[in-house]
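No experiment lies behind these values; they were computed from the predicted model shown. Labels below follow one simple rule: chain letters A, B, ... track the order of the sequence lines, proteins then strands, and each chain is numbered from 1. Values below: every heavy atom of this structure, side chains too, minus hydrogens, waters and symmetry copies.
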Number of protein chains: 2
Amino acid sequence: MAETILLVEDDPSILRGLQMNLGLEGFRLVAAHDGEEGLKLARTHKPDLIVLDLMLPKMSGMDVLRAIRAEDHDTSIVILSSKDQEGEKVLALSLGADDYMTKPFGVAELVARIRASLRRRRRNVRSGELSVGRVSLDVEGRRMLQDGREVESTAREFDLLKFFLSHPGVAFSREQLMQQVWGPDHFGTARTIDNFVARLRQKIEEDSEDPKYIETVRGIGYRFNP
Amino acid sequence: MAETILLVEDDPSILRGLQMNLGLEGFRLVAAHDGEEGLKLARTHKPDLIVLDLMLPKMSGMDVLRAIRAEDHDTSIVILSSKDQEGEKVLALSLGADDYMTKPFGVAELVARIRASLRRRRRNVRSGELSVGRVSLDVEGRRMLQDGREVESTAREFDLLKFFLSHPGVAFSREQLMQQVWGPDHFGTARTIDNFVARLRQKIEEDSEDPKYIETVRGIGYRFNP
DNA sequence: AGACGCATGTCACCATCGTGTCACGGCGTG
DNA sequence: CACGCCGTGACACGATGGTGACATGCGTCT
């Protein structure tokens with residue numbers, strides 16, 4: 001299955017060059033010409049990797065990076081920068097960028113770095129038997145495990161628990177959970193979340209009356225505790 | 001999501017220049033032409049950052065700065081000054097301005113400083129732990145901690161303590177607390193604040209008879225001491 | 001110093017909101 | 001067709017927020 005790459009770059013000639021080369025490498029490509037469009041496409045297409053220019057119209061690459069990382073930690077992000085500013089580089093990496101290239105760059109090198117980033121990510125996702133306490137997920141096989149023993153789970157249950165395990169200790173509103181797990185354009189009621197939380201609790205909690213992992217934060221939403 | 005910047009500047013040509021440049025950088029912009037309007041817009045729009053000229057009609061920039069800082073410590077404020085007076089600079093910074101530029105200035109430098117201020121602010125807001133003395137808050141997880149041990153807290157209690165921790169050493173009236181924590185359109189009696197203060201004291205004070213952290217300022221309101 | 005007045009501390013109470021739970025209908029899949 | 005999953009609505013229960021009444025204490029004025 002081809003991996004999807006989102007290119008966020010306003011210079012048409014650079015964009016064309018990247019599309020040519022990456023297309024030949026067999027990636028699925030999506031392109032945005034400014035920051036806002038980039039952010040939107042990142043949300044809708046959920047690419048595996050994003051090539052992100054820093055100098056962009058409408059919304060700077062740094063802000064796009066920040067916005068994406070605020071919502072999602074899985075996507076690899078490779079930054080393109082036109083000026084060789086160390087400060088920007090450090091900031092970008094500290095904001096969660098995976099790699100950083102300064103223009104002008106060789107396309108071959110960029111492709112190599114993209115491959116490396118995707119490889120790292122795959123290994124993480126793959127090795128990422130997400131595991132917290134007695135609960136773990138076999139992400140590849142989409143299995144839910146309790147002390148290593150498999151627990152039957154449905155698709156949604158799995159996705160929700162995966163999101164929780166990926167963000168331990170953070171309280172989320174029902175709206176946020178709905179956005180993150182069901183997708184940004186899904187429309188549903190808060191009750192749905194409650195139901196899935198209840199189902200998850202019955203599967204992974206010792207005592208579903210007094211949940212230890214998925215805790216209710218009254219007035220806010222839910223939090224997964226490590 | 002784009003950050004909002006409020007420009008308070010009476011010189012139309014400078015204002016135009018700032019609007020052009022900052023607009024291109026992707027910020028949402030709000031503009032005021034005198035001090036009073038600036039203060040009003042600061043209250044209604046809650047911008048992330050304010051660019052504030054010192055020489056203004058109706059109300060001097062220094063007074064606007066003072067008024068804003070009396071109500072709110074989160075907004076970044078960058079001062080523009082037409083004369084190079086060291087005294088003004090020191091005063092402005094001591095009143096809580098984040099940065100200070102003297103005209104004439106390069107727009108690029110101003111943009112850079114604005115970005116830097118916003119970055120600092122982000123980091124402060126984002127760093128998930130507020131901590132003063134033995135009391136700390138896990139903001140992301142919405143947990144209240146005493147010496148690292150969790151203390152049960154409700155949503156309102158948490159919000160109120162969070163506000164106190166964010167503004168140590170400053171005395172607030174009940175009205176101000178109500179505004180800031182409950183929201184500007186909430187309607188409630190002063191008794192409510194007393195009650196929540198009392199509840200917080202029982203949770204975080206050694207001796208709730210003789211509170212050390214949340215002190216009563218008779219005739220005024222309450223103050224949180226570091 | 002004493003007394004008065006006002007601001008604050010405290011308590012109990014209740015309406016309301018938030019959450020857990022259940023049952024049901026629709027939809028897609030085997 | 002039948003089954004399982006998903007999502008919604010209804011309902012009940014408990015926590016919570018907010019209010020008023022009352023107690024207390026501080027400051028001030030005489």
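Residues L54(B) and M62(B) share a closest heavy-atom pair of CD2-N, 3.7 Å. Closest of all the heavy-atom pairs between I68(A) and A42(A) is CD1-CB, 4.0 Å. For the pair L56(B) and L52(B), the tightest heavy-atom approach, listed with the atom from each and the gap, is CD1-CD1, 4.0 Å. Minimum heavy-atom separation, A97(B) to I79(B): CB-CG1, 3.6 Å. Heavy atoms only, all atoms of each residue included: S117(B) and V78(B) are closest at OG-CG2, 4.0 Å.
Each of N195(B) and R174(B) lies near DNA chain C, and the nucleotide nearest R174(B) is the one positioned closer to the 5' end.
Note that the first and last nucleotides of DNA chain C, 5' to 3', having any atom under 4.0 angstrom from a heavy atom of chain B are dC6(C) to dC11(C). Note that the first and last nucleotides of DNA chain D, 5' to 3', having any atom under 4.0 angstrom from a heavy atom of chain A are dC5(D) to dT16(D).
Nucleic acid contact for T192(B): base, since at least one base atom lies under 4.0 Å from a heavy atom of the residue. As judged by a 4.0 angstrom heavy-atom cut-off over every strand, A190(A) is placed among residues making no nucleic acid contact. When heavy atoms are screened at a 4.0 angstrom cut-off, R191(A) is found touching base atoms of the nucleic acid. Residue R201(B) is classed as a sugar-phosphate contact, given heavy-atom separations below 4.0 Å to backbone atoms only.
Contact check for F164(B) versus V135(B): no side-chain heavy atoms found under the 4.5 Å cut-off. I50(A) is listed as a side-chain neighbour of P47(A), based on a closest heavy-atom distance under 4.5 Å.
When the local axes at the two ends of the helix from dA1(C)-dT30(D) to dG30(C)-dC1(D) are compared, using 5 base pairs at each end, they differ in direction by 30° after rounding to 10°.
Shown here is R156(A), whose CZ atom has more than 12 heavy atoms of other residues, nucleotides or ligands within 6.0 Å.
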With salt bridge (charged side-chain N to carboxylate O under 4.0 Å, His left out) as the criterion, how do D159(B) and K162(B) come out once you've worked through the C-alpha distance, each side chain's angles and the decisive distance to 0.1 Å?
CA-CA 5 Å; D159(B) 290 336; K162(B) 179 180 166 194; 5.7 Å; no
Would you please test K203(B) and E157(B) for salt bridge (charged side-chain N to carboxylate O under 4.0 Å, His left out) and show each step?
CA-CA 10 Å; K203(B) 298 192 181 189; E157(B) 288 168 6; 2.8 Å; yes
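Under the 30°/60° scheme for interplanar angles, the aromatic rings of Y213(A) and F224(A) are found to lie parallel.
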